[in-house]
*Asks:* 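Can you read through this structure? Questions will come right after.
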Amino acid sequence: MSAARTLATMRSGERGRVARVDVSPEVSRWLGALGIAPGTALTLLRRGLWGGPLHLRSDAGAEFAIASSLAAEVVLADESAP
């Protein structure tokens, strides 16, 4: 079985849909307020240098940055699944 694909593994310009967020309820609410919730499509615009934050755009057009360590907790849907 392969490791889950997360926001932290995306390449610049790549798009993915959030499957789940593996964080505490408080952090999950904060991410939801940003627009990171199951079902949301996100595009990675760019990565910060030396493991810095990831600059993302949601399918609603909002742009924001989150720490790469937090991005590793956002699991993406397997787009190849039927």
*Asks:* Checking the side chain of Arg15 only, and the main-chain atoms of Leu42 only, is there a donor and an acceptor separated by less than 3.5 Å?
*Replies:* no
*Asks:* Could you report the tightest heavy-atom contact between Ser58 and Gly35, atom names first, then the distance?
*Replies:* CB-O, 4.4 Å
*Asks:* Identify whether Val75 and Ile66 are in the same connected component of the hydrophobic contact network (ILVMFWY, side-chain heavy atoms under 4.5 Å).
*Replies:* no
*Asks:* Any pair with a residue in residues 37-53 that passes side chain to side chain donor-acceptor pair (under 3.5 Å), sequence neighbours left out, goes on the list, sorted by first then second residue, please.
*Replies:* Arg46-His55
*Asks:* Can you name the nearest heavy-atom pair linking Ala72 to Thr6, along with the distance?
*Replies:* O-CG2, 3.3 Å
*Asks:* Check the pair Leu70 / Leu31 against side chain to side chain contact (heavy atoms under 4.5 Å, CB included), numbers first and verdict last.
*Replies:* CA-CA 10 Å; Leu70 185 54; Leu31 289 173; 3.7 Å; yes
*Asks:* Minimum heavy-atom separation for Leu34 and Phe64, please, with both atom names.
*Replies:* O-CE2, 3.4 Å
*Asks:* Determine the minimum heavy-atom distance between Pro38 and Ala19, stating which atoms define it.
*Replies:* CB-O, 3.6 Å
*Asks:* Which atoms form the tightest heavy-atom contact between Gly52 and Ser68, and what is the distance?
*Replies:* O-CB, 3.7 Å
*Asks:* Is the shortest side-chain heavy-atom distance between Trp30 and Val23 below 4.5 Å?
*Replies:* no
*Asks:* Would a single hydrophobic cluster contain both Leu76 and Val27, if residues Ile, Leu, Val, Met, Phe, Trp and Tyr are joined by side-chain heavy-atom contacts under 4.5 Å?
*Replies:* yes
*Asks:* Can you tell me how far apart CG (Leu56) and CE (Met10) are? Round to the nearest 0.5 Å.
*Replies:* 7.0 Å
*Asks:* Under the side-chain hydrogen bond (donor to acceptor under 3.5 Å, both in side chains) rule, collect the residues that match up with Asp22, sequence neighbours excluded.
*Replies:* Arg20
